[in-house]
Amino acid sequence: MSKKFDITNIAKLASISLSDDEKEKLSNDLSVIIEHVQALSDLELDTNIEDVYIHPLEKVLALDDDTEKPSLTHDEAMSNAPKVSDGKFIVPPSLE
Amino acid sequence: MNLKPTIGIETHIELNTNTKMFCRCRVVDTEEPNVNLCPTCLGLPGALPVPNEKAIRYITLLALATGCSITKKGMFHRKNYFYPDLPKNYQISQFDLPVGENGNLEIVIDNEKDYVEIERVHMEEDTGKSSHEGSGRIDSATSTSLDFNRSGIPLVEIVTKPVIKSSKEAVAYIEELRQLAIELEISEGKLEKGNLRFDANISVAPSESNELGTKVEIKNMNSLRSLERAIDFEIKRQSSALENGDIIIQETRHWDESKETTTSMRSKEGSADYRYFSDPDIPNMVLTDEFINQIKENLPSLPHENRNKLTETGLGLSDSNVLSKSEKWIFELYFEVFNNTKDSKASFNWITGELQGQMRKLEIKSLPNWFSPNFLSDVIKLIDENKISFTSGKVILEELIQMDTTPDEIAKRLDLYQENDEVAISKIVNEIIDNNQDIVERIKNGEDKLVGFMVGQIIKSSGGSINPGMAKEILSKELNL
């Protein structure tokens, strides 16, 4: 069975490290899954990408006027913040 | 090794709508943090986004103006990544169905037209602003402070194909795109305010190769000057790496303005890292023909069309390009002055050189109400007709900007009209000849440069009222030169 994927790249995207044995095992398992799902390609489907997406809401997009609506005050917006300083939310440093 | 650079540019334009992209919080220009927020732009659970009609109109306008084909059945996707300034942990963006695709933008470079192909134009939302407290640097900060005023402001991203060949071309492209956004009135186009932000993807490959080299993305360029320098630096860095046999790593690099170098930020994410999926909170975005046609019919005159109008007056492409990127009143003033004088070069030079120069000197941004375009036309005509000198023209212009008067009144008051009566000039010329017989002898013996001295004497004796050209002509005639 030819493998149509790169297990090393998939492992990288999933941020997991795999030993060679694991790669072999998972490749085989994944191949079975892919082969199974490939049955779908036997179906005749319209390939126009704009029509392919199935959206949970069939409704056509409703847009809103560019008119301001009042919402939270500054104090309301900050009220649940664990830490505030000079009107800003304070969170732990981005890199530690 | 002969190497060729290839550059692609991603530009974000902040749209000047009243409210944000997916909520109706006002877009504010203030230093006061966190004052225009709601559950949607704070990413609170349960809040639902509703797209801004004007933003969709604006992006369609830009997509049409760049010749893109419009995706009639589009949608929004979630781009997932984790960073404190993105409270939902995803940015609402577009993935494989952007509003516009496959467009192009005409640019002018080295007095010639060129075209930059555009891959896509898509809609997304801006993030909040984070500041790294303590050291100011991300890697040694003690905490991060967040202001979400910017969170959710509509952004249009314009991505070029990898077709740009030099830093100069990249700058010309951004200048053109900026002007287009201004003409379309969709953005202020102010780089210093972050209305327009850009990243560059740069790769270098052997000249004969049909494949592109490994691309490196450069971020943090906030002016055209830094864009140019960062690209030049990166081309040099990658070229010498290739020449030394080193491997270029696909990564994101940071432009350091003070050191004028790029430094590695992180290895580049692939699009799979962002786990794009269609946003289930926003229904499909269907743009009807009626909607698109209505925008098409209201397209204003685009920068390349303005440039064509200018070249039709006889102005060169390079000058036309400069003028097409000027403020609107300067562009309009040119046509008014040109229509009166029919002299494209003089109209251009007087407006962009003398007039703007004087205004800069006087530190004024707009012309006073009394200043009529006819004044400038009159000055140009008076010089063309040899009635005043070029220098007098400058004096008149300076007064016109500061005083409600006319060119004629100033010329009379300051005695700037030149003597054009041939008989009167001949009289003065002959007096000078009589008083400088030794010089005349030397001119006749071949010392041509002394003609200039004689002309100077003639003008001096007339108190500056004689046109130098005419003085020289009559002098030559009298001396049989």
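Naming convention: chains lettered A, B, ... in sequence-line order (proteins, then strands); numbering from 1 in each chain.
Using a 4.5 Å cut-off between heavy atoms, A:T67 contacts chain B through its backbone alone, with no side-chain atom that close. In this structure, no portion of A:N9 lies under 4.5 Å from any heavy atom of chain B. Heavy atoms closer than 4.5 Å to chain A are found in both the backbone and the side chain of B:L37. At a 4.5 Å heavy-atom cutoff, the contact between B:F148 and chain A is made by side-chain atoms alone.
In terms of heavy-atom pairs under 4.5 angstrom with chain A, the leader among B:N34, B:V27, B:T17, B:N52 is B:N34. Comparing A:L72, A:D65, A:D66, A:D64 by heavy-atom pairs within less than 4.5 Å of chain B, the highest count is held by A:D66. The most heavy-atom pairs under 4.5 Å with chain A, out of B:C38, B:P39, B:P33, come from B:P33. Heavy-atom pairs under 4.5 Å with chain A were tallied for B:T40, B:L287, B:L42, B:L44; the largest tally goes to B:L42. The candidate with the highest count of non-hydrogen atom pairs below 4.5 Å against chain A, out of B:R275, B:K54, B:R57, is B:K54. Between chain B and the residues A:E68, A:K83, A:H74, the most heavy-atom pairs under 4.5 angstrom are made by A:E68.
B:Y276 and B:H77 have perpendicular rings, their planes meeting at more than 60° on a 0 to 90° scale where under 30° would count as parallel.
To the nearest 0.5 Å, the span separating NZ on B:K20 from CG on B:N36 amounts to 4.0 Å. With values rounded to the nearest 0.5 angstrom, B:T71 atom OG1 is found 9.0 Å from B:R120 atom CZ.
Defined by atom type and a distance below 3.5 Å, a donor-acceptor pair is missing between the side-chain atoms of B:T214 and B:Q250.
Under the rule for a side chain to side chain donor-acceptor pair (under 3.5 Å), A:N80 has no partner lying at least two apart in sequence or in another chain.
Residues B:I92 and B:M123 fail the side-chain proximity criterion, which asks for heavy atoms closer than 4.5 Å.
Side-chain atoms of B:S131 never come within 3.5 Å of backbone atoms of B:E133 as a donor-acceptor pair (strictly under, hydrogens ignored).
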